[in-house]
Amino acid sequence: MQDTPQAIPEIPAPPSAPLRFDAVGLDAKLVRAVHDQGYSTMTPIQAAALPVVLAGRDMMGAAQTGTGKTAAFSLPLLQRMLRHETSSASPARHPVRALILTPTRELADQVAQNVAAYARHTQLRSLVVYGGIDMKPQAMALRQGVEIVIATPGRLLDHLQARNCSLAQVEFVVLDEADRMLDIGFLPDLQRILSHLPKQRQTLLFSATFSGDIKKLAQSYLQSPQVIEVARPNATATKVTQRFIKVDEDFKHAALVQMVRDENLTQAIVFVNSKLGAARLARALERDGLVTAALHGDKSQDERTKALDAFKRGEVHLLVATDVAARGLDVADLPAVFNYDVPFHAEDYVHRIGRTGRAGAEGLAVTLVSVRDERLIGDLEKLLKKPVEWAPFEVRGLPRHRPAFEATARPRRDDSAAPPRRHDAPGAAARSEAPAWRPRPAPSDPFFDQPYREPERSEPAAWERTVDPKAALAQAAQLRNRLSPNIRTRRKLPALFVAPAPEMASDAPATV
DNA sequence: AAAAAAT
């Protein structure tokens with residue numbers, strides 16, 4: 001492993017005029033496919049990654065979400081594969097030559113669709129492989145022979161064990177959302193997969209976030225990699241308006257509904273931290289006249305697919321999801337994201353809010369912070385390298401519903417001894433003038449006491465290339481605003497109607 | 001603390 005790789009290919013400086021796909025030596029078949037998708041000029045990450053991948057270099061690419069990472073690796077990868085394109089029908093002539101791994105099934109599907117679109121005019125075949133669905137069709141397709149496999153780790157290992165495919169001929173590996181793929185939960189599977197691959201190969205890592213630790217770990221899987229960072233690493237998209245509001249845990253539901261109404265939102269993803277929480281919240285929100293769907297790992301794959309498709313078609317107002325939906329998912333024109341819970345890992349915040357404000361569009365990200373979420377805010381500020389700005393917010397009236405679990409909650413063992421819980425009687429709470437959000441004495445609270453300190457940022461190494469973030473964003477915005485690939489016409493939603501609860505008739509804020 | 005990914 002070397003620290004200072006030689007023979008660094010020339011990377012184009014941030015182009016003053018956007019670089020066109022037909023002006024960078026890509027095969028005409030690929031250019032045609034790109035044009036079919038409605039693209040003509042490259043985003044900065046695409047312009048930067050292309051020559052590196054074409055030169056056969058390993059690379060680590062960090063770029064904001066929604067800036068075209070998938071095309072950034074698939075196009076040059078396809079280009080390289082085309083040099084040895086074969087049209088033989090024999091499976092032996094169609095070994096798996098490229099492997100793309102993703103952390104969720106939905107993302108695998110999405111990447112596969114993009115790859116297939118870019119490869120449509122070539123002889124190269126691609127296949128997506130993941131769990132939760134019948135293995136047989138996948139096995140048959142693998143045995144027929146495919147050059148490109150897009151997969152989640154578990155099912156791929158299954159196929160390897162069943163000898164449905166060999167990875168001995170793989171020339172290219174891509175880890176999408178690489179930092180997630182390298183985290184402790186995925187690492188064992190990943191290592192087993194990588195052990196099937198030849199040492200001699202090209203490895204590409206992509207993500208919007210790379211923590212320092214992961215960067216170090218990643219080095220051991222890469223050979224003298226080129227690191228490409230477009231915009232500040234770990235940065236959140238600047239087109240997304242971020243709003244943090246303080247709200248009592250019991251009033252989050254009401255706050256969410258109120259904001260959806262006030263902002264006239266047609267759609268939003270609502271992120272929660274647990275699968276059970278997602279299911280409960282989705283159900284509870286239905287009672288407010290909102291069409292919701294839950295998306296989490298306890299659902300069957302069929303349900304997951306249906307939920308996401310319905311949301312993408314615009315038939316669902318609110319998609320209540322766990323972090324299964326945090327990364328990579330491209331929902332066209334999504335106006336807003338809510339963090340009903342503050343994510344456990346700060347990077348996930350970046351990924352979550354990256355679902356909105358994509359392709360240069362405006363987006364709104366609202367994070368609901370209760371007392372129990374507060375300690376996570378510190379981590380977030382460290383990652384964002386600035387203190388969060390609290391937006392003023394008041395819940396008008398009172399929550400219409402008790403938390404869903406109230407109805408079925410079993411009495412606690414020592415229920416008689418326990419002090420009455422406030423959410424047992426939300427109405428009573430207000431009548432007795434209990435505050436919805438209890439402002440705590442800020443000066444004495446250690447959370448607010450800590451002076452904000454700018455985290456140290458090491459200078460990027462000489463071989464790191466940083467593209468001007470402003471130019472990058474402007475370019476991406478301009479590009480994707482004009483062209484809208486893969487955007488299906490959205491069915492018109494019925495006008496958003498949230499039945500006002502009797503308690504909400506009053507505009508008097510519940511806050512004291 | 002949680003979620004994801006194989007069944």
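What you are looking at is a predicted structure, and each value in this text was computed from that prediction instead of being measured. A, B, ... follow the sequence lines: proteins, then strands. Residue 1 opens every chain.
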Between B:dA1, B:dA5, B:dA6, which nucleotide has the shortest distance from any of its atoms to the side chain of A:Phe186? B:dA5
Measure from CD on A:Gln301 to C1' on B:dA4 and round the result to the nearest Å. 12 Å
What about A:His296: does its side chain form a donor-acceptor pair under 3.5 Å with the base of B:dA3? no
What nucleotide among B:dA2, B:dA6, B:dA4 has an atom nearest to a side-chain atom of A:Arg155? B:dA6
Looking at every strand, decide which applies to A:Asp189 at a 4.0 Å heavy-atom threshold: base, sugar-phosphate, or nothing. nothing
Kindly say if A:Arg304 contacts the phosphate of B:dA5, meaning a side-chain N or O under 4.0 Å from OP1 or OP2. yes
Give a yes/no answer on whether the side chain of A:Thr322 brings an N or O atom under 4.0 Å of OP1 or OP2 in B:dA4. yes
Whole Å only: how far is the CD1 atom of A:Ile184 from the C1' atom of B:dA5? 14 Å
Between atom CG in A:Leu190 and atom P in B:dA5, what is the gap in whole Å? 15 Å
Students often get this wrong, so: under 4.0 angstrom with heavy atoms, is A:Gly131 touching a base, only sugar-phosphate, or nothing? sugar-phosphate
salt_bridge(A:Arg180, A:Asp348) N-O dist < 4.0 Å: yes
Could A:Asp302 and A:Lys306 be called an ion pair, given the rule that one side-chain N must be under 4.0 Å from one carboxylate O? yes
From the list A:Leu364, A:Ile353, A:Val366, side chain to side chain contact (heavy atoms under 4.5 Å, CB included) with A:Thr241 holds only for A:Leu364
Figure out the CG/C1' separation between A:Leu295 and B:dA4, and round it to whole Å. 12 Å
Look at A:Arg105 and B:dA6 and indicate whether a side-chain polar atom (N or O) is within less than 4.0 Å of OP1 or OP2. yes
Calculate the interatomic distance between A:Asn273 atom CG and B:dA4 atom P; express it in whole Å. 11 Å
So does A:Thr152 get a side-chain nitrogen or oxygen closer than 4.0 Å to the phosphate oxygens (OP1/OP2) of B:dA6? yes
Check the distance between B:dA6's P and A:Met135's CE and give it to me in whole angstrom. 10 Å
Take atom CG of A:Asp323 and atom P of B:dA3, then tell me their distance rounded to the nearest Å. 9 Å
Among A:Lys69, A:Glu177, A:Met60, which one satisfies side chain to side chain contact (heavy atoms under 4.5 Å, CB included) with A:Phe206? A:Lys69
Rounded to whole Å, the NE2-P distance (A:His351 to B:dA3) equals 18 Å
Could you check if a side-chain atom of A:Ile193 sits within less than 4.5 angstrom of a side-chain atom of A:Leu99, using non-hydrogen atoms only? yes
Please classify the nucleic acid contact of A:Arg372 as base, sugar-phosphate, or nothing, using heavy-atom distances under 4.0 Å. nothing
I want to verify a distance call: between B:dA4, B:dA1, B:dA6, whose nearest atom is closest to the A:Arg375 side chain? B:dA1
